[in-house]
Amino acid sequence: MLQIAADRRLRARDERDVRAIATRMFRLGDNLAPFYTMIENDPDLQWARAGAGRMLASPTVFEDVIRTICTTNCAWSATTRMITALVQLGGGAFPNPSLLARTKDAWFADVARMGYRGPYVRAIAADVVNGKLDLEALLPEHGLGEDEVEERLLALPGVGPYAAAHIMQLLGFHHRLILDSWTRPTFLKLSKMKRASDTTIRRRFARYGRFAGLAFWLYLTRRWHEEA
DNA sequence: CGTCCAGGTCTAC
DNA sequence: GGTAGACCTGGACGC
């Protein structure tokens, strides 16, 4: 059960918005039943049938895209620093595209210290504002195919194979594996393999079909769930 | 102090 | 289509 508390009575319209945001953040629209059936007798993953597999998303696709760009090619400490700065800019909430589009380059460089990512983020925000880019249309309920969604994500500046796979997991497309400098060594450790190319890893998870990426992620994060 | 690299991507061959 | 080199930043590490 999911309970949402508010400090006041919500108007009908606000309540609808809150429901939509919660549905999006917890990926309540995802149907993982086929995946759970798939892992019924899977020694590595059957534990996940208890309800695992819904990665926490942001209220908007835009926010997930920008956050993910802030994870690329830097230490995790840098990611949290950049995102903390963005939330400060937004006055405690993640800044919307309009605010980011009209924020000066100098802020991205000197305050958020986002380096080369700053212009990428601004360009994406500007395209959302001027209507050239509709990121929210990438949500699975809008009917675009997985390949089409991936293609559109890869077209964004700063979004490559890793970022696209990561964002797609958050959207509810579970095919692509998130391969980066954390998942690769973690896979080696857990599988007790000495080395494994990306192709080898993909082959290992190909049997999960369109849930291959989700299976890979759950395989890697099993210990996170045991703690809880 | 210089080099390397962290939850990669882009450009130019 | 596949692969070097460059790229902001800052923390870790060797010298």
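The analysis underlying the following values was restricted to heavy atoms, covering all of them including side chains, and did not include hydrogens, waters or symmetry mates. Chain letters run A, B, ... following the sequence lines, proteins first and then strands; every chain starts at 1.
In this entry the distance linking CZ of A:Phe108 with C1' of C:dT9 reads 16 Å, nearest Å. For A:Ile83 and C:dT9, the CD1 to C1' distance is 15 Å, given to the nearest whole Å. A:Tyr120 has its OH atom 11 Å from the P atom of C:dC7, to the nearest Å. Look at CZ on A:Arg117: it is 12 Å from P on B:dC10, rounded to the nearest Å. If you take CH2 of A:Trp107 and C1' of C:dC8, they are 15 Å apart, rounded to a whole angstrom. Distance CD1 (A:Ile178) to P (B:dG8): 12 Å, rounded to an integer number of Å. Here the C1' atom of nucleotide B:dC10 and the OH atom of A:Tyr162 are 17 Å apart, to the nearest Å. Distance, A:Tyr116 OH to B:dA6 P: 13 Å, rounded to whole Å.
Among the heavy atoms of the strands lying under 4.0 Å from A:Arg81 are primed sugar atoms or P, OP1, OP2 only; no base atom is included. Across all strands, A:Gly115 comes closer than 4.0 Å to base atoms (heavy-atom distances).
For the pair A:Arg204 and A:Tyr219, the cation sits on the ring face: its NZ or CZ lies under 6.0 Å from the ring centre, inside 45° of the axis.
Straight-line distance between the P atoms of B:dC4 and C:dA6: roughly 12 Å, to the nearest whole Å. Using C1' as the reference atom, C:dT3 and B:dG7 are 23 Å apart when rounded to the nearest Å. Nucleotides B:dT9 and C:dG11 place their P atoms 23 Å apart, quoted to the nearest Å.
By the 5.5 angstrom centroid cut-off and the 30-degree plane limit, A:Trp76 is classified as not stacked against the base of B:dA6.
Mapped onto DNA chain B by nearest heavy atom, A:Cys74 and A:Pro161 fall at different nucleotides, with A:Cys74 at the one closer to the 5' end. Heavy-atom distances to DNA chain B give each of A:Ala75 and A:Leu154 a nearest nucleotide, and the one nearer the 5′ end belongs to A:Ala75.
Searching all strands for a Watson-Crick or G-U wobble partner of B:dC13 with both distances below 3.5 Å returns C:dG2. If you check C:dG10 for Watson-Crick or wobble pairing at under 3.5 angstrom, you find it paired to B:dC5.
Distances shorter than 4.0 Å separate none of the side-chain N or O atoms of A:Thr68 from OP1 or OP2 on B:dG7. A close approach under 4.0 Å does occur between a side-chain nitrogen or oxygen of A:Arg113 and OP1 or OP2 of C:dG10.
Enclosure of atom CZ in A:Arg176 is not indicated, since only 12 or fewer non-hydrogen atoms of other residues, nucleotides or ligands lie within 6.0 angstrom. No more than 12 heavy atoms of other residues, nucleotides or ligands shown are found within 6.0 angstrom of CZ on A:Arg19.
Salt bridge A:Asp30/A:Arg54: absent, no basic N to carboxylate O contact under 4.0 Å.
Looking at A:Ile39 and A:Phe211, their side chains never come closer than 4.5 Å, going by heavy atoms from C-beta outward.
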